[in-house]
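Atoms within a ligand are numbered from 1 in the order they appear, just like the ligands themselves.
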Amino acid sequence: MRVAVLGGGRSSEHDVSLASAEAVRHGLAAGGHEPLDVRISHDGRWTFQGEPVALEPAGGLLGADAVFPVLHGPFGEDGTVQGLLELLDVPYVGAGVAASAVSMDKALFKDLMRAHGVPQLAYAVVRDGEPPRLGFPLPAFVKPARLGSSVGISRATGSKELAESLQLAFRHDPVVVVERMAAGLEVECSVLGYSRPEASLPGEIVVQKGDWYDYEAKYKDGGMELVVPARVPDDVRERVRELAVQVFRIVDCAGLARVDFFIEEGGRVLVNELNTLPGFTATSVYAKLFDVSGVPYGELLERLLELALERHRRERAYRF
Ligand SMILES: Nc1ncnc2c1ncn2[C@@H]1O[C@H](COP(=O)(O)OP(=O)(O)O)[C@@H](O)[C@H]1O
Ligand SMILES: [Mg+2]
């Protein structure tokens with residue numbers, strides 16, 4: 001297959017995306033496919049082999065059989081690129097417009113989880129210019145609603161800190177989520193599929209320096225150790241996998257997602273977030289969890305391409 005691999009993009013995760021996209025291109029080539037290296041610059045311009053890419057509604061993309069948007073964060077993982085790919089009418093890997101947008105927005109996502117009775121931490125949505133009404137005690141984590149990679153996130157223990165944390169988060173987004181601080185483990189679980197999604201073994205995030213999974217821990221060599229499977233009792237492990245698939249379905253996700261959890265005392269499993277386009281090198285958490293679960297990187301790519309075609313076929317079967 002001829003596969004357009006989109007890398008770079010407008011978000012602060014531009015470089016992370018380039019690394020993932022390179023790994024995807026290598027993996028596709030190793031599987032006998034023809035990857036096309038489509039670059040998106042920091043200011044949002046698309047180029048292929050140094051030339052601007054012409055985009056025409058219903059015109060596909062460079063004659064590709066499928067597109068793999070390996071883009072993280074705003075303008076990549078939030079439904080915007082997915083909308084463009086829908087208009088181009090080309091099969092693409094991963095979640096569609098609505099699933100991408102809801103998963104990128106922590107306020108919308110948490111409200112949706114609450115509507116479905118999915119266990120999660122107590123939270124409050126605060127809008128810029130409005131006073132925070134928490135309804136739970138500090139300490140809390142304060143997060144911009146639509147970012148990733150821990151950017152703009154901080155912990156607040158007192159009310160003065162809370163004001164500072166809100167100020168920081170509001171620099172990134174007019175909507176902020178304040179959440180009760182979890183005490184316990186951080187566990188992540190990969191999901192692959194479409195109509196019958198499957199979960200990997202859960203992995204445990206062990207931060208090596210500092211006490212939470214901040215930007216440095218995520219991207220600095222040796223910042224985090226992933227323990228697979230997570231060191232939790234069997235029933236908790238199964239509960240995580242079951243919830244990962246349930247959340248994937250609620251959001252109406254497709255292809256891949258990594259669902260992140262907190263596990264508190266007594267084995268209480270709480271959903272934190274769903275990432276529709278998690279880091280995707282062979283050593284990223286997403287791929288490592290499946291590798292240990294018996295699905296190597298090359299096979300992940302094959303399955304994701306098949307799922308992209310299946311979804312495109314199925315969606316086109318409906319009349320609008
Ligand atoms: N309520 C919380 N309690 C404890 N730690 C938290 C909480 N919320 C976030 N964190 C820490 O901050 C990190 C980033 O938060 P997260 O909600 O996953 O945002 P991002 O989308 O940036 O990954 C988490 O991996 C965790 O280490
Ligand atoms: Mg996270």
(message) Against ligand 1, does Asp214 come closer than 4.0 Å with any heavy atom?
(response) no
(message) With a heavy-atom distance limit of 4.0 Å, tell me whether Ala140 approaches ligand 1 through its side chain, its backbone, both, or neither.
(response) neither
(request) Considering only non-hydrogen protein atoms, determine which one is nearest to atom 15 (O) of ligand 1 and report residue, atom name and distance to 0.1 Å. (result) Ile153 CD1, 3.5 Å
(request) Compute the centroid of each ring, for Phe68 and then for Tyr92, and state whether the two points are separated by less than 6.0 Å. (result) no
(message) Give me the residue, atom name and distance of the protein heavy atom closest to atom 17 (O) of ligand 1.
(response) Lys143 NZ, 2.6 Å
(message) Suppose I only count heavy atoms of Gly148 and a 4.0 Å limit; which atoms of ligand 1 are within that range?
(response) 21 (O), 22 (O)
(message) Considering non-hydrogen atoms of the protein only, which is the closest contact for atom 21 (O) of ligand 1, and what is the distance?
(response) Lys106 NZ, 2.5 Å
(request) Please state which part of Asp260 comes within less than 4.0 Å of ligand 1, counting heavy atoms only: side chain, backbone, both or neither. (result) neither
(request) Restricting to N/O/S, name the atom of Glu273 that gets closest to the Mg ion (ligand 2). (result) OE2
(request) Applying side chain to side chain contact (heavy atoms under 4.5 Å, CB included), run through Phe141 and Ser154 and close with a yes or a no. (result) CA-CA 6 Å; Phe141 269 74; Ser154 63; over 6 Å; no
(request) State the CG-CD distance between Leu121 and Glu179, to the nearest 0.5 angstrom. (result) 4.5 Å
(message) Could you identify the single nearest non-hydrogen protein atom to atom 13 (C) of ligand 1 and state the distance to 0.1 Å?
(response) Tyr213 O, 3.6 Å
(message) Whether the His116 and Gln246 side chains hold a donor-acceptor pair (N or O, under 3.5 Å, no angle test) is what I'd like checked.
(response) no
(request) Around atom 3 (N) of ligand 1, find the nearest protein heavy atom and jot down its residue, atom name and distance. (result) Ala182 N, 2.7 Å
(request) For atom 12 (O) of ligand 1, find the nearest protein heavy atom and state the residue, atom name and distance (0.1 Å precision). (result) Trp212 CE3, 3.1 Å
(request) Would you check if there is a donor-acceptor pair between the side chains of Asp89 and His312 at a distance under 3.5 Å? (result) yes
(request) Determine whether the side chain, the backbone, both or neither of Glu273 has a heavy atom under 4.0 Å from any heavy atom of ligand 1. (result) side chain
(message) Under 4.0 Å, counting heavy atoms only: does Phe262 come that close to any atom of ligand 1?
(response) yes
(message) I'd like to know if the side chain of Arg241 reaches the main chain of Ala199, judged simply by a donor and an acceptor atom lying under 3.5 Å from each other, with no hydrogens or angles considered.
(response) yes
(message) Under a plain distance cut-off of 3.5 Å, with no hydrogens placed, do Ser17 and Glu13 share a side-chain donor-acceptor pair?
(response) no
(request) Give the residue and atom name of whichever protein heavy atom lies nearest to atom 27 (O) of ligand 1, and the separation in Å to one decimal. (result) Glu186 OE1, 2.6 Å
(message) Tell me if a side-chain donor or acceptor on Glu204 pairs with a main-chain N or O of Pro202 at a distance below 3.5 Å.
(response) no
(request) Specify the closest pair of heavy atoms between Pro74 and Leu147, including all atoms of both residues, with the distance to one decimal. (result) CG-CD2, 4.0 Å
(message) For the residue pair Asp111 / Tyr123, report whether a side-chain donor-acceptor contact shorter than 3.5 Å exists.
(response) yes
(message) For a quick check under 3.5 Å, do Ser150 and Lys218 share a side-chain donor-acceptor pair by atom type?
(response) yes
(message) Quick test: of every protein heavy atom, which one is nearest to atom 14 (C) of ligand 1, and how far off is it to 0.1 Å?
(response) Ser150 OG, 3.4 Å
(message) So is Lys218 touching ligand 1 or not, going by heavy atoms under 4.0 Å?
(response) yes
(message) Would Phe141 count as a polar contact of ligand 1, with the cut-off being nitrogen or oxygen pairs under 3.5 Å?
(response) no
(message) Please list, in number order, the atoms of ligand 1 under 4.0 Å from a heavy atom of Leu147.
(response) 21 (O)
(message) Pairing donors with acceptors under 3.5 angstrom, does anything connect the side chains of Tyr297 and Thr281?
(response) no
(message) Check for me whether Asn272 has a heavy atom closer than 4.0 Å to any atom of ligand 1.
(response) yes
(request) List every atom of ligand 1 that sits less than 4.0 Å from any heavy atom of Met181, numbering the atoms from 1 in the order shown and giving each element. (result) 1 (N), 3 (N), 4 (C)
